S.K.: 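One structure is given below, represented as structure tokens, and several questions about it will come after.
Chain identifiers are assigned alphabetically (A, B, ...) following the order of the sequence lines, protein sequences preceding nucleic acid strands; residue numbering begins at 1 within each chain. Owing to the predicted nature of the structure, the values given are computational and were not obtained by experimental measurement.
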There are 2 protein chains.
Amino acid sequence: MAEAPAGSAARRRGSGAVTIADVAAAAAVSKQTVSNVMNYPEKVRAETRERVRRAVAELGFQPNRMARALRSSTAGMIACRIEPVSSRSLAPFHDRFLHALAEAGQAVGRHLMLFAVDDAESEAATCVRLVRTGAVEGVVLYNVVPGDLRPPVLLEAGVPFVCFGRVPGLDDAGAWVDVDNAAGVAAVVDHLAEAGHRRIGFLGFPDGHRVGDDRADGWVAAMDRHGLLAGSHRFDTRGEDTWTSGAKMARGLLDRAGAPTALVAVSDTLAAGALQAIRDLGLAPGHDVALVGYDDTPSAEVLDLSSVRQPLAEVGRRIVEVLCPTGGATVPAPSLLRPELVVRGSSRRRA
Amino acid sequence: MAEAPAGSAARRRGSGAVTIADVAAAAAVSKQTVSNVMNYPEKVRAETRERVRRAVAELGFQPNRMARALRSSTAGMIACRIEPVSSRSLAPFHDRFLHALAEAGQAVGRHLMLFAVDDAESEAATCVRLVRTGAVEGVVLYNVVPGDLRPPVLLEAGVPFVCFGRVPGLDDAGAWVDVDNAAGVAAVVDHLAEAGHRRIGFLGFPDGHRVGDDRADGWVAAMDRHGLLAGSHRFDTRGEDTWTSGAKMARGLLDRAGAPTALVAVSDTLAAGALQAIRDLGLAPGHDVALVGYDDTPSAEVLDLSSVRQPLAEVGRRIVEVLCPTGGATVPAPSLLRPELVVRGSSRRRA
DNA sequence: CAGGATCGTTTTAACGATCAAGCCGCAGCG
DNA sequence: CGCTGCGGCTTGATCGTTAAAACGATCCTG
């Protein structure tokens with residue numbers, strides 16, 4: 001490990017760093033005044049404030065976080081589980097969620113602590129322990145599904161938490177933030193219908209998971225709204241979230257008479273597979289067949305693939321706002337955010 | 001946000017949780033004895049220990065982390081930057097690194113704190129601040145390249161750190177852990193050569209980045225060792241780390257006389273593209289053309305693609321060991337770990 | 001049997017900050 | 001003149017824990 005050089009610019013004293021007492025001595029004021037300068041500058045006369053500020057700068061003073069946390073019993077941290085990378089999907093979505101959370105947290109002076117556990121049960125236990133030991137102020141639950149066993153446990157234990165994912169029973173507490181999956185897919189259908197497409201195929205996930213089901217519902221609802229639902233069950237395909245599966249589903253849809261002129265995929269992985277299938281059939285994506293993916297992963301940009309972007313930054317901000325209320329007096333309601341369709345070449349031109 | 005119910009099983013007192021003083025009172029001993037029971041049980045008489053233990057269990061006491069951190073000035077945390085998801089690669093590698101780090105940290109009682117910054121410069125500044133404020137004991141630098149400006153800054157500031165990625169100047173301090181990229185690719189070439197392949201193509205990254213260059217060196221060295229280097233520069237292709245680019249490079253190599261019978265790709269993304277190209281040419285992966293990727297991402301398993309697995313768990317353990325030395329008296333040397341080749345169908349059968 | 005070593009526990013004192021009074025001087029006001 | 005109010009600072013207590021010293025009692029040991 002890299003060791004500290006004997007004498008560096010910012011001076012260390014004895015065993016530890018420079019404390020508020022050192023600053024106080026240097027500026028010839030009391031510790032409390034230094035504290036005030038740091039936290040409530042308007043409470044201190046300008047002249048004194050300047051003197052203290054100079055001392056702070058000269059000594060390179062940085063208030064000790066643990067001491068502050070102890071005294072004011074605010075850890076300045078929130079926790080979230082980091083899940084093992086699943087082989088289900090190629091899309092690095094969890095990554096981006098954590099990044100958004102970290103960024104949103106920092107904006108209000110909170111840091112993000114990660115922990116790794118094997119299952120939901122130990123996740124709940126760990127969350128309880130982290131809050132009980134004062135390590136964090138609250139926790140974030142990722143990918144919450146109906147019937148999830150984590151919320152009730154945390155509720156019972158009195159642990160502040162916010163879910164990413166709808167929780168039906170918690171509607172009044174503002175304890176969840178979600179992105180409207182149905183609306184996202186519906187927006188895609190709207191976009192395609194406006195461009196004149198009448199036969200719009202759907203590449204979805206197998207039934208039985210919240211996200212996939214919501215997206216499928218969005219397709220059905222929007223198709224119905226445009227009067228395109230009749231007979232379109234032929235265009236409803238489902239499969240695992242893999243590239244291969246996407247290619248297969250697309251081939252199945254396109255390789256027949258009366259094939260769809262547009263495809264809606266519920267992930268960029270599926271869409272990437274579909275893209276290849278389209279090309280394999282000698283068709284031009286965006287021209288012969290329109291194609292839209294989901295999640296706006298980096299690959300979507302590379303592939304010039306239209307995709308639905310989830311407002312992750314906003315999700316992070318809301319979560320943090322609920323967990324660590326700043327100025328806003330009112331406790332916010334649970335948020336159902338609208339995703340945004342990013343139109344690229346794969347769906348821009350009329351089929 | 002979910003609120004604490006009025007009365008839950010684990011009792012809260014007044015404004016806060018149960019403290020060591022409560023336990024002491026309940027067990028009719030001093031606070032210090034309780035502390036000893038928690039930290040040095042052998043120092044306390046068995047009978048007393050039992051009594052204290054009962055009180056701890058009854059009250060559900062959990063020592064306050066901040067207080068402990070303050071008193072013993074060990075934060076129990078390490079920090080690492082979470083990078084924005086790059087559009088360069090589809091592989092969620094950073095994810096897995098963070099997971100490994102979190103897990104390794106927990107094994108020795110350390111938690112992982114994330115922070116988000118825009119560039120390397122502010123990363124260094126943030127690291128310094130985090131350590132100076134006592135928030136973390138040390139930091140981990142991800143993806144360190146030669147000439148990286150972060151190590152010198154941290155060194156100067158006396159911040160304990162460990163790099164993932166070789167740092168030539170720091171060889172004596174054990175300040176880095178790396179995986180031998182050249183050895184990984186060489187192992188692939190060995191594997192293919194043993195299977196009888198003589199013409200082995202290379203799908204690499206453009207020159208100028210450490211990881212890519214190391215892997216290219218590995219190919220050259222191993223080819224040379226097997227006496228296959230002569231004329232094989234025709235088989236050396238380079239391109240961006242995208243699926244499309246991989247497909248194009250593979251097509252370029254395979255679609256001519258005297259084509260390679262095996263391909264080494266330096267990422268699974270490139271390999272996935274190559275896989276498609278192979279199929280497009282009517283060839284059978286693993287039979288007509290052997291193919292091996294790199295990083296053993298989830299997609300490799302799905303695609304039945306041989307790949308080189310980096311020992312991330314071990315990387316995490318070493319990093320943590322250096323940052324937070326446990327029992328081992330000796331400061332470990334910098335670690336250059338060997339990756340492991342995972343053979344799957346794409347390279348199992350003789351071409 | 002005095003003097004020291006040992007054991008198990010308590011007491012005291014931090015760790016570095018913030019909170020809540022308290023104090024002092026000066027202005028305003030009856 | 002004296003009382004109150006207030007800005008500006010200091011003092012003392014405190015958050016919950018642990019390190020280190022103190023302490024009384026018992027046990028050796030020469």
S.K.: What's the CG-P distance between A:L70 and D:dC15, to the nearest Å?
M.R.: 9 Å
S.K.: Determine, for A:E314 against A:R317, whether the closest basic-nitrogen to carboxylate-oxygen distance falls under 4.0 angstrom.
M.R.: yes
S.K.: From C:dG16, C:dT18, C:dC19, pick the nucleotide closest to the side chain of A:S35?
M.R.: C:dT18
S.K.: How many whole angstroms separate atom CE of A:M66 from atom P of D:dT17?
M.R.: 15 Å
S.K.: Among the candidates C:dT18, D:dG16, C:dC19, find the nucleotide nearest to the side-chain atoms of A:R68.
M.R.: C:dT18
S.K.: Over how many whole Å does the gap from B:N36 atom CG to C:dT9 atom C1' extend?
M.R.: 9 Å
S.K.: Rounded to whole Å, how long is the line connecting atom CE of B:M38 with atom P of D:dA19?
M.R.: 13 Å
S.K.: State which of D:dG16, D:dT18, D:dT11 makes the closest approach to the side chain of A:S30.
M.R.: D:dT11
S.K.: Map B:V29 and B:R71 onto DNA chain C by nearest heavy atom, then report which one ends up closer to the 5' terminus.
M.R.: B:V29
S.K.: If I take atom CD1 in residue B:I20 and atom P in nucleotide C:dA14, what distance separates them, rounded to the nearest angstrom?
M.R.: 19 Å
S.K.: Please report the interatomic distance CZ(B:R81) to OG(B:S122), rounded to the nearest 0.5 Å.
M.R.: 7.0 Å
S.K.: Nearest whole angstrom, please: distance from the C1' of D:dC9 to the CD of A:E47.
M.R.: 13 Å
S.K.: Return yes if the base of D:dT10 and the side-chain atoms of A:K31 contain a donor-acceptor N/O pair under 3.5 Å, otherwise no.
M.R.: no
S.K.: Determine the sole option in A:E103, A:E137, A:E321 for which the salt bridge (charged side-chain N to carboxylate O under 4.0 Å, His left out) test with A:R110 is passed.
M.R.: A:E137
S.K.: For B:H111 and A:F115, I'd like to know if the aromatic rings sit close, meaning centre-to-centre distance below 6.0 Å.
M.R.: no
S.K.: Roughly how many Å is it from CG in B:N64 to P in C:dC15, rounded to a whole number?
M.R.: 18 Å
S.K.: Rounding to an integer number of Å, can you tell me how far A:R45 CZ sits from D:dG8 P?
M.R.: 7 Å
S.K.: Are there over 12 heavy-atom neighbours, none belonging to A:E121, within less than 6.0 Å of that residue's CD?
M.R.: no
S.K.: Considering every strand and a 4.0 Å limit on heavy-atom distances, what is the contact class for A:N39: base, sugar-phosphate, or nothing?
M.R.: sugar-phosphate
S.K.: Please work out if A:T33 contacts a base, only the sugar-phosphate, or nothing of the nucleic acid, heavy-atom cut-off 4.0 Å.
M.R.: base
S.K.: Could you say whether A:K43 or A:Q32 is positioned toward the 5' end of DNA chain D, judged by the nucleotide with the nearest heavy atom to each?
M.R.: A:K43
S.K.: Specify the residue among B:R49 and B:S72 whose closest nucleotide of DNA chain C lies further upstream toward the 5′ end.
M.R.: B:R49
